[in-house]
2 protein chains.
Amino acid sequence: MASELNLKGVNLSLTASTSDVIYDALRDAIIRGEMAEGETIRQESVAKLFSVSRIPVREALKRLEAQGLVTSVRYKGVVVASMSPSEIAEIFEFRVLVESKVVEYAVEAMTPESLELAKGYCEAFAEETNPARWGDLNRLFHSALYRDSGRPYYLEIVQSANDRVERYVRAQLDLTEGMARARRDHEAILEACFKRDARKAVNLTASHIHNAGQALIRFLQKRSEA
Amino acid sequence: MASELNLKGVNLSLTASTSDVIYDALRDAIIRGEMAEGETIRQESVAKLFSVSRIPVREALKRLEAQGLVTSVRYKGVVVASMSPSEIAEIFEFRVLVESKVVEYAVEAMTPESLELAKGYCEAFAEETNPARWGDLNRLFHSALYRDSGRPYYLEIVQSANDRVERYVRAQLDLTEGMARARRDHEAILEACFKRDARKAVNLTASHIHNAGQALIRFLQKRSEA
DNA sequence: TTATAGTATATTGGATCCAATTTAGTATAG
DNA sequence: CTATACTAAATTGGATCCAATATACTATAA
């Protein structure tokens, strides 16, 4: 019957199958960095965790594979995908290209509600003391800025790209300097949006993402040398 | 043991599972337009076609769903995804943005082999009389131009975007004017690449995709009015 | 002691079976 | 004749079972 309930603005479709639930949970665990890269995901252990058979687990894993979040080897299993610095750098470069465009489209169309929403997340991000929440608030802030772009496909792609590097972004945010810089960047971007200064919002978004990527690469190289 | 055989430049990994084979076949059928949009795909009929059970079919369908090529409704089945003109227009706009960049990166790095390959496909495209082959040659030509970009992630995204609109592009190519225009565009782009004129190659690629998108939208609107 | 062969266990891929739900079809009431 | 309620068939989602393969372990030989 596809009944739905709308709760706190979150739309929970009751048509979700077990496989969907498992997909969401695994995706969440991966992008949050709760599973180490290279770690193999055992079908049986996931199945036990959710008290189901391996069938829906396997379907969830196929979807994660299609999204590039895990890689699979026949008769061996799937492992959490790991990315080389150059792969990460490429994704950040791509994000600069696409998210800049999305902001450009969004700024002129941005509703007062979206601006307020973004402002709220920006403040919450700046005030949040629990590092575990920074990643969420960071994404919520950017999503709020993008939502009025009128470009659902771009947003889908942006989400997918962000999923792949999310774990590294979070590691970067945990560095206090990374966090401080992100906070300043966010405030500047938000101000440009309030002023409907598309050009400025685009440039600030581009450099925000670019700089985050550069810092992240430096961080990863430092860590690999140690 | 992951043995592989390399045949005519195509790398056939023998590690492919049944589910992979089915995924490839269905994806191919969908993007070639061999299945009507909105058509529901019955698990059992696909399973019979490949003489297997529904299990690998379901896994293949999950992957297609993650790629956006089909949409699924619980207990009803999956249907071949259909796109509205505005969704198609968005993808073409996106392709202009991303593929232009890819060409820019590729032109300077393009090897003589890639140039010859592109030339070969360009000529084959121009001379091919069987419309069913135009779509393949069109994609092979563009892929040849992109392959030296050094941006595997961009290429992944470009492929995914093209998959979604491929069926419509083919319909457009079938219009003789569409084909004639594509041929001229290809030759001009190729010439710019041979001359290492990145700026020109970028501009030509952008307008090539842009114009194809515009023509396609007009075509679809005409057809819907009739 | 170490390397190798062989066996046992663990794990994945696929087939078959059952449950939940939808869809098609039929009968009945108005 | 049409609309509705009921039943049967078709279809999907999930569980359990079996086959194929990989990994871990053990024993044996040098």
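In what follows, chains are A, B, ... by sequence order, proteins preceding strands, each numbered from 1. Since the model is a prediction, treat every value here as computed from it, not as a measurement.
Q159(B) and Y146(B) form no side-chain donor-acceptor contact under 3.5 Å, judged by distance and modelled atom types alone. Remark: the Y154(B) side chain and the E90(A) side chain contain no N/O donor-acceptor pair separated by less than 3.5 Å. In this model, no donor atom of one side chain and acceptor atom of the other lie less than 3.5 Å apart for R139(A) and N162(A).
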Worksheet item: When you look at F92(B) and H210(B), which way does the ring pair (Phe, Tyr, Trp, His ring centres under 6.0 Å) test go after all the steps?
Response: CA-CA 7 Å; F92(B) 272 86; H210(B) 176 79; 9.5 Å; no

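By the 4.0 Å N-to-carboxylate-O rule, R74(B) lies too far from D20(A) to be salt-bridged with it.
Using a 4.0 Å heavy-atom distance criterion, I41(A) is classed as a sugar-phosphate-only contact. Among the protein residues, R54(A) comes within range of the nucleic acid bases, having at least one heavy atom under 4.0 Å from a base atom. At a threshold of 4.0 angstrom between heavy atoms, the contacts of I22(B) with the nucleic acid are absent.
Each end of the helix from dT1(C)-dA30(D) to dG30(C)-dC1(D) gets its own axis, taken as the rotation carrying the C1' atoms of four end pairs onto the next four within a five-pair window, and the two axes meet at 0° to the nearest 10 degrees.
Candidate nucleotides dT23(D), dT12(C), dA15(C) were compared by shortest atom distance to the side chain of K76(A), and dT23(D) ranks first.
Between P56(A) and Y75(A), the residue anchored nearer the 5' end of DNA chain D, judged by the nucleotide with its closest heavy atom, is P56(A).
One cannot find a donor-acceptor pair under 3.5 Å joining the base of dG14(C) and the side-chain atoms of R58(B).
Remark: R74(A) is not in phosphate contact with dG13(C), judged by side-chain N or O atoms under 4.0 Å from OP1 or OP2.
Taking the six-membered ring for Trp and thresholds of 30 and 60 degrees, H142(A) and H208(A) have nearly parallel ring planes, at less than 30 degrees apart.
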